Amino acid sequence: METLVELGEKAKKASRYLAQASSKEKNTALQLMSQALLENTSAILAANLQDLAAAKENHIAETLLDRLVLNEERLQAMADGLVQIAELPDPIGLVSGMWKNEAGLTIGKQSVPLGVIGIIYESRPNVTTDAGALCFKSGNAVILRGGKEAIHSNKALVTVLQQALAKTNFPTTAIQLVEDTTRETSRDMMRLNRYLDVLIPRGGTRLIQTVMETATVPVIETGTGNCHVYIDKDAQLKMATDIIVNAKCSRPSVCNAAETLLIHEDVAAEFLPVIEAALAEYHVELRADETALSILKKAIPATEEDWETEFLDYILAVKVVSSLDEAITHINQYSTGHSEAIVTDNYFAGQQFHREVDSSTVYINASTRFTDGFEFGFGAEIGISTQKLHARGPMGLAELTSSKYIVFGEGQIR
């Protein structure tokens, strides 16, 4: 098993090659990686079964177990994602804003790779291919450190990706996996300044807090998703019901799932019973404020903690509000800055919501579940950034680049 220093040294060397590679070379390699995933489906799914068996023995919750599962459909989607990334424009080498200064120098700003990116993530094997491919296309070497729950799946996936790279001129060390999943190794990786140019955590609150508090490597924070859906007084009942059911129930274990429903008092009595019945089909537990409790047939009182919790489960906090302003105030107080939605036919209400809600992604009449790199046309995503420096929202190729100034002169001196 290689040490972090050995992985780091190899990644540094690989990053220098990647930074000079052409778009055609990178795209050909990504196509080969996509083919390799499909050609090795049986081996990858067999490795995944090992992880699933261990997870069940450790009594991991069903909603979290869903993140770990691989099947032919999901592998096909992962392979398709690599093809889509290959088809996207290469962000490297683009020059913007050329101008001349008073000395007659021609100055431009060129996009360049970040260098070596470290990714620390939990039990989602699809992150392995998404992150590997996005980093590769943007000219970065990557060191992946997945959770112990998915170690067999991740090893199989990285092996397949490296086998595809071996058929090209690229070093196979462009994509590497930390096979030691102990906490000590994870913390050591957070301090690998000599080799890592940036560290991106992707996972739950505890992981992200640990990285933010421990890392000495620069971090792009991907936040948790305490997402809200607000149903305005001018909303359509069917649309509101469809959106909240999708946002909560289509996949409750992911960060773009809704955790709190806010509803205007003018429509609460009419809408909440219909919404409750629709959510009951999925056995969603409702935790409601006093007003909502008086309307709902089956709910429990919400606590202060419920308003700030990312449940990642079939649990939904419900609050009746007196106005759009109250809804916005609640969201800005409790949101993690991920994704929020308003359901309304009132144009001005939608615009106010869009303008005043301080989150990375704001929806008018659509489910929060669309906050995703693939859905946004990025091929995949490295994560959802909830910070405001460098990147915000779903991070694709452009967010994995930096820049440098290129300056052309004719002998000028200062």
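Just so you know, these numbers come straight off a predicted model, no measurement behind them.
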Tell me whether [X] at atom [atom1] has more than 12 heavy atoms from other residues, nucleotides or ligands lying less than 6.0 Å away.
X	atom1	value
Glu73	CD	no
Gln351	CD	yes
Arg74	CZ	yes
His354	NE2	no
Tyr334	OH	yes
Phe376	CZ	yes

Would you please test Val284 and Phe311 for side-chain contact (heavy atoms from CB on, under 4.5 Å) and show each step?
-> CA-CA 11 Å; Val284 176; Phe311 298 112; over 6 Å; no
With a 4.5 Å cut-off on side-chain heavy atoms, are [Y] and [X] touching?
X	Y	answer
Val219	Ile200	no
Gln76	Leu38	yes
Pro394	Thr361	yes
Pro113	Leu18	no
Leu400	Met395	no
Leu157	Leu37	yes
Phe374	Gln84	yes
Leu165	Met33	yes

Which pair of non-hydrogen atoms, one from [X] and one from [Y], has the smallest distance, and what is that distance?
X	Y	result
Ala133	Ile85	CB-CD1, 3.7 Å
Leu207	Arg202	CD2-O, 3.7 Å
Gly203	Thr224	O-CG2, 4.3 Å
Ser403	Lys109	OG-CE, 3.2 Å
Ala240	Ile231	CB-CD1, 3.7 Å
Thr368	Ala257	OG1-C, 4.2 Å

Quick check: does any side chain N or O of [X] sit under 3.5 Å from a backbone N or O of [Y], one acting as donor and the other as acceptor?
X	Y	value
Asn101	Leu105	yes
Asn256	Phe370	no
Tyr363	Thr371	yes
Asp345	Ala235	no
Thr185	Thr181	no
Asn40	Ala43	no
Gln387	Glu221	yes
Ser360	His338	yes
Ser111	Pro91	yes
Ser385	Ala391	yes

Tyr282 and Tyr314 aromatic ring geometry - parallel, tilted or perpendicular at 30°/60° bounds: parallel
May I ask you to decide whether [X] forms a salt bridge with [Y], counting only side-chain N to carboxylate O separations under 4.0 Å?
X	Y	result
Glu122	Arg124	no
Asp197	Lys12	yes
Lys388	Asp358	yes

Distance alone, cut at 3.5 Å: any donor-acceptor contact between the side chains of [X] and [Y]?
X	Y	result
Thr309	Asp306	no
Asn169	Glu25	no
Gln352	Asp325	yes
Asn346	Thr344	no
Thr216	Asn193	yes

So CG of Leu32 and CG of Asn27: to nearest 0.5 Å the spacing works out to 11.0 Å
OG1 of Thr173 to CD of Glu9, rounded to nearest 0.5 Å, is 11.5 Å
When Leu161, Val178, Val158, Thr129 are each screened for side chain to side chain contact (heavy atoms under 4.5 Å, CB included) with Leu144, the one that passes is Val158
As a quick check of understanding, evaluate side-chain contact (heavy atoms from CB on, under 4.5 Å) for His228 and Val357, giving each step before the final call. CA-CA 11 Å; His228 300 72; Val357 167; over 6 Å; no
Checking side-chain contact (heavy atoms from CB on, under 4.5 Å) for the pair Glu340/Phe353: CA distance, chi angles, key distance, verdict?
CA-CA 9 Å; Glu340 326 299 344; Phe353 188 87; 4.0 Å; yes
Determine whether Glu259 and Lys248 satisfy the following criterion, side-chain contact (heavy atoms from CB on, under 4.5 Å), listing intermediate values before the conclusion. CA-CA 7 Å; Glu259 304 293 11; Lys248 176 73 265 183; 2.8 Å; yes
